[in-house]
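The chains referred to below are lettered A, B, ... by the order of the sequence lines, with proteins before strands, and numbering in each begins at 1.
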Number of protein chains: 2
Amino acid sequence: MIAPPYQEDRSVLRDALFKALSDGTRRALLEYLVREGEQSVHALTAISGVSQPMVSRHLGKLKQARLVTARRAGRETYYTARAKGLAPVVQWMAVYGALWSQRFSALEGLGDGE
Amino acid sequence: MIAPPYQEDRSVLRDALFKALSDGTRRALLEYLVREGEQSVHALTAISGVSQPMVSRHLGKLKQARLVTARRAGRETYYTARAKGLAPVVQWMAVYGALWSQRFSALEGLGDGE
DNA sequence: GTATTGCATAATCAAAAGGTTATGAATAGG
DNA sequence: CCTATTCATAACCTTTTGATTATGCAATAC
């Protein structure tokens with residue numbers, strides 16, 4: 001049986017996402033990909049300040065969190081920032097950030113299953 | 001000389017914020033504070049699944065990230081979710097989430113699916 | 001007064017995470 | 001074919017981090 005998007009899968013992804021974003025080097029890599037578009041590991045290593053294996057590992061975590069995608073071309077691998085990757089975080093923020101300031105009014109109408 | 005809000009201070013706070021949010025137990029504590037409002041350490045310990053010292057330490061990190069405030073009342077300490085605490089993360093997302101969506105929106109659209 | 005409750009901190013530990021160098025597998029180029 | 005490039009993985013080390021129990025200090029209760 002093929003798995004539908006279980007609640008648990010969602011929370012696992014969300015956790016991987018928050019963890020992926022918690023490291024400054026990873027955020028820098030992601031920011032660079034956003035600004036400059038698709039980049040090879042070689043190019044990312046040049047601007048990262050850490051070793052190439054470390055860049056590969058960081059990219060692996062970003063990929064696992066679905067924040068980037070990888071494209072193999074010959075001996076090079078090109079990574080691209082993934083447009084919708086931050087959506088789960090945005091969703092979380094919508095509930096625990098934005099609604100938060102207007103807690104009393106907003107929660108009444110939502111019935112978020114306390 | 002009193003320090004104005006230096007760039008470095010900003011990035012330090014932002015880093016503390018992302019790190020604070022990277023742990024599931026801390027997020028659960030924060031979520032509970034958002035939903036239920038001000039709570040004592042005792043009450044938070046009861047729902048957290050970890051020991052009281054651990055709750056205190058998690059709350060300390062949330063406080064350092066400016067996501068909660070503490071109010072001492074007698075021998076109890078009441079913690080409250082801080083409304084504007086997530087602002088730096090929202091700002092970051094505005095740049096590296098929205099900008100990024102814009103770059104690719106023509107190709108991918110904005111839905112939350114695959 | 002003494003006992004108890006609520007919280008923070010210290011001491012300690014195991015596991016996770018970030019870093020490195022070394023290695024190996026493909027691909028490209030001479 | 002031989003060499004160089006690109007990348008991922010392995011082995012290893014150090015620091016950080018999440019967790020525990022033990023302790024100490026205030027404030028409340030008796």
Closest listed nucleotide, where the reference is the side chain of A:Val50 and the choices are D:dA22, C:dG19, D:dC7
C:dG19

Phosphate-side-chain proximity, A:Lys19 and C:dA17, N/O vs OP1/OP2 below 4.0 Å:
no

Below the 4.0 Å mark, does D:dA8 have OP1 or OP2 next to a side-chain nitrogen or oxygen of A:Tyr79?
yes

What integer distance in Å separates B:Leu59:CG from D:dA19:P?
13 Å

Given atom CG of B:Leu44 and atom C1' of C:dG6, what is their separation to the nearest angstrom?
13 Å

Any side-chain N or O of B:Ser51 below 4.0 angstrom from OP1/OP2 of D:dT20?
yes

Rounded distance (Å) that lies between atom P of D:dA27 and atom CZ of B:Arg71:
15 Å

Look at the side-chain N and O atoms of A:His58 and state whether any lies under 4.0 Å from the OP1 or OP2 oxygen of C:dG19.
yes

Toward the 5' end of DNA chain D, by each residue's nearest nucleotide, A:Tyr78 or B:Arg72:
A:Tyr78

Give a yes or no on whether the backbone of B:Arg66 and the side-chain of B:Arg82 come within a donor-acceptor separation of less than 3.5 Å.
yes

Heavy-atom nearest nucleotide on DNA chain C taken for B:Gln52 and for B:Arg57; more 5' hit belongs to B:Gln52

What is the distance, to the nearest angstrom, from the NE2 atom on A:His42 to the C1' atom on C:dT27?
15 Å

Please report the distance, rounded to the nearest Å, between CD in B:Gln64 and P in C:dA8.
14 Å

Quick one: does any side-chain atom of A:Arg14 pair with a main-chain N or O of A:Pro88 as donor and acceptor, under 3.5 Å?
no

Whole angstroms only, please: what is the NZ-P distance between B:Lys63 and C:dA8?
8 Å

Could you work out which one of D:dC7, C:dT20, C:dC7 sits closest to the side chain of A:Met54?
C:dT20

Separation of D:dT5 atom P from A:Glu76 atom CD, nearest Å, is 13 Å

Is A:Thr45 near enough to D:dC7 that one of its side-chain N or O atoms lies under 4.0 angstrom from OP1 or OP2?
no

Are the side chain of B:Arg71 and the backbone of B:Glu38 linked by a donor-acceptor contact shorter than 3.5 Å?
no

Could you tell me whether a side-chain N or O of B:Arg27 sits under 3.5 Å from a main-chain N or O of B:Leu21, the two making a donor and an acceptor?
yes

For a quick check, tell me whether the side chain of A:Arg75 and the base of D:dT6 share a donor-acceptor pair closer than 3.5 Å.
no

Of all the nucleotides listed (D:dG18, C:dA8, D:dT6), which has the minimum atom distance to the side chain of B:Asp23?
D:dG18

A:Arg26 side-chain N/O to C:dA17 phosphate OP1/OP2 under 4.0 Å:
no

Is there a donor-acceptor contact under 3.5 Å from the side chain of A:Arg72 to the main chain of A:Tyr78?
no

Using side-chain contact (heavy atoms from CB on, under 4.5 Å) as the criterion, point out the one residue from B:Thr77, B:Val41, B:Leu67 that pairs with B:Leu59.
B:Val41

C:dG19 OP1/OP2 closer than 4.0 Å to side-chain N/O of A:Thr25
yes

Figure out the CG/P separation between A:Leu29 and C:dG18, and round it to whole Å.
12 Å

